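None of the values given here were measured: they were computed from a predicted structure. Chain letters run A, B, ... following the sequence lines, proteins first and then strands; every chain starts at 1.
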2 protein chains.
Amino acid sequence: MQSRTPASRTGRPRSAAADAAILAATREALVELGWSKLTLGDVATRAGVAKTTLYRRWAGKNELVVDAVAELFDELELPDRGTLAADIEGVVLRFAAILARPEAKSGLMAVVAESTRDEALRERIRASIVDRQKRLVHTGRARAQERGELPPETGPEDAARTVDLIFDIVAGAVVHRTLVSAEPADEDWVRDFTRVLLLGLSGSARPGM
Amino acid sequence: MQSRTPASRTGRPRSAAADAAILAATREALVELGWSKLTLGDVATRAGVAKTTLYRRWAGKNELVVDAVAELFDELELPDRGTLAADIEGVVLRFAAILARPEAKSGLMAVVAESTRDEALRERIRASIVDRQKRLVHTGRARAQERGELPPETGPEDAARTVDLIFDIVAGAVVHRTLVSAEPADEDWVRDFTRVLLLGLSGSARPGM
DNA sequence: CCATTACGCTACGACTCGTAGCGAAAGCGA
DNA sequence: TCGCTTTCGCTACGAGTCGTAGCGTAATGG
């Protein structure tokens, strides 16, 4: 989690149970207190470890919360539902469900905000959250191209740019809907969103597929 | 700004210059220190006012930063460029330019994160930032319908829902691109994004308008 | 059984917070 | 002009958090 491969051949090993307890306690504290009122001392108490133990493993609140929140997104998958529209609706609904949880809401945006002034933190977020989920876009796109629902690649560079664009649109819209508009990204919304994403504003006025 | 209409008929009036100085100092501190290291004491010193004066006007860091950031978005406009695509590209580029400024980046996301646990703060954000800009979507949509680029309204409720959806997509995508992906929302990106927004994924594969 | 590392605990200086209390300043109405 | 009212700058304060140091103890591996 916090990249500890080198050295440490001998001596007492770090408790893996403590890691799990700390991350769980962090999520619990995020739910009860939110980001700003969350203190590392409190997390340590909840986890049943000493504050010094926590500081030996994480540099600070930012890194700790990134790891705690990242685990929430690990469950995301992209089941094959037969059509591109159905695939999108399914994964967006799952993503929205995770993002609706208070520990994700409070934690994720706060660390993203901090990452604007901390390049290392941004890299940590990208590696442990963003890039891990971007594969879903790749998969869904490849499937749709096999089905003939999307035109084939024009080149590897264009493909990467398109995937990035789609990811920004999808993740951005869901996050904005959930956190800024503070409205649920429910089935109705996801259906409307998917229609716009696939057909565009020009072709998505009339309801009914 | 902080809604001070009632009472206060007599006595020494509050200095309007102090308000401006405080908000400017807040933005300056956001640039230099970022959200987490910004302290109200420091802002007061920069603004040349006493810390107590600052606390008399704003309840805390959250409210202060919302007001300081909100002013950045006041300059947003929607000039008529003749086509819907050009209108979108223009306003998105302006929006992206504002969001690229460090004081907007650090501040906006942080207060949004805090607003997940503070209903009053979310309302303040909505009133002073989000709703003020949502009118741009209304305007652009109405223009496009006059030009025949978009189908006419099916009803006032559907229209409101559509405007909300478009706003979540546009604002969400730009924010995600700028803050999470940490890549510039430049002309190339905005062009690609606009094409997807108007034509959808199915119809937007080939470059060239 | 011994070197090595992790752990729990306590204590610490430094810092920020938000508020209280004071005297002085600046408007407004009579 | 005078007095009422409210704001302002300043100082000081208790409370709380931060991140670290120091110490003795616990748990491994050779």
Side-chain angles (χ1 to χ4, degrees), chain A residues 1-23 25-26 29-30 32-65 106 110-111 114 117-118 120-121, chain B residues 1-26 29-30 32-65 106-107 110-111 114 117-118 120-121:
Chain A
M1 205 63 78
Q2 54 272 31
S3 68
R4 165 150 349 275
T5 347
S8 272
R9 219 84 205 83
T10 175
R12 174 177 177 175
R14 290 196 172 169
S15 161
D19 265 9
I22 290 172
L23 291 175
T26 303
L30 275 176
E32 291 182 21
L33 307 173
W35 163 267
S36 59
K37 294 184 180 174
L38 179 150
T39 69
L40 295 194
D42 180 69
V43 170
T45 304
R46 288 171 188 266
V49 303
K51 192 171 58 163
T52 43
T53 298
L54 207 157
Y55 273 103
R56 285 191 196 99
R57 305 182 182 210
W58 282 277
K61 195 162 148 177
N62 294 336
E63 291 76 9
L64 174 62
V65 170
S106 340
V111 294
E114 286 305 306
R117 315 206 92 250
D118 184 340
L121 182 63
Chain B
M1 203 63 78
Q2 53 272 29
S3 69
R4 164 152 351 274
T5 343
S8 273
R9 217 79 203 84
T10 176
R12 175 177 177 176
R14 289 196 173 168
S15 160
D19 265 7
I22 291 172
L23 291 175
T26 303
L30 275 176
E32 291 182 21
L33 307 173
W35 163 267
S36 59
K37 295 184 180 175
L38 179 149
T39 69
L40 295 194
D42 180 68
V43 169
T45 304
R46 288 171 188 264
V49 303
K51 191 170 59 161
T52 43
T53 298
L54 207 158
Y55 274 102
R56 285 190 197 99
R57 305 180 182 209
W58 283 276
K61 195 162 147 176
N62 294 336
E63 291 77 9
L64 174 62
V65 170
S106 341
V111 293
E114 287 305 306
R117 315 205 94 250
D118 185 339
L121 183 62

Any side-chain heavy-atom pair of A:L40 and A:W58 under 4.5 Å: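 The answer is no, as the side chains (C-beta and beyond) never meet within the 4.5 Å cut-off.
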
Lys/Arg-Asp/Glu bridge criterion (N-O < 4.0 Å) met for A:D19, A:R14: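 A salt bridge is absent here (no side-chain N lies under 4.0 Å from a carboxylate O).
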
NZ on A:K61 to OG1 on A:T39, rounded to 0.5 Å: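 Reported value, rounded in 0.5 Å steps: 7.5 Å.
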
[X] [atom1] to [N] [atom2]: how many Å, rounded?
| X | N | atom1 | atom2 | result |
| --- | --- | --- | --- | --- |
| A:K37 | D:dC18 | NZ | C1' | 18 Å |
| B:W35 | C:dT16 | CH2 | C1' | 14 Å |
| A:W58 | D:dC18 | CH2 | C1' | 18 Å |
| A:N62 | D:dC18 | CG | P | 12 Å |
| A:L54 | C:dC9 | CG | P | 14 Å |
| A:Y55 | C:dG8 | OH | P | 16 Å |
| B:L33 | C:dT16 | CG | P | 10 Å |
| A:R57 | C:dT5 | CZ | C1' | 12 Å |

Residues that A:D42 engages under side chain to side chain donor-acceptor pair (under 3.5 Å), provided they are two or more places apart: A:R46

On a heavy-atom basis, which atom in [X] and which in [Y] lie closest, and how many Å separate them?
| X | Y | answer |
| --- | --- | --- |
| A:R117 | B:G34 | CD-CA, 3.0 Å |
| B:V111 | B:L121 | O-CD2, 3.7 Å |
| B:R57 | B:S15 | NH1-O, 3.0 Å |
| A:A29 | A:L38 | CB-CD1, 3.7 Å |
| A:W35 | A:S106 | CB-O, 3.8 Å |

Under 4.0 Å protein heavy-atom contact, by nucleotide of nucleotides 9-16 of chain D - B base, S sugar-phosphate only: BB------

Nucleotide-resolved protein contact map, nucleotides 24-30 of chain D, B/S/- at heavy-atom distance under 4.0 Å: --BBB--

Nearest-nucleotide pick for B:L40, side chain only, options being C:dG18, C:dA6, D:dC8: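 Side chain of B:L40 sits closest to C:dG18.
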
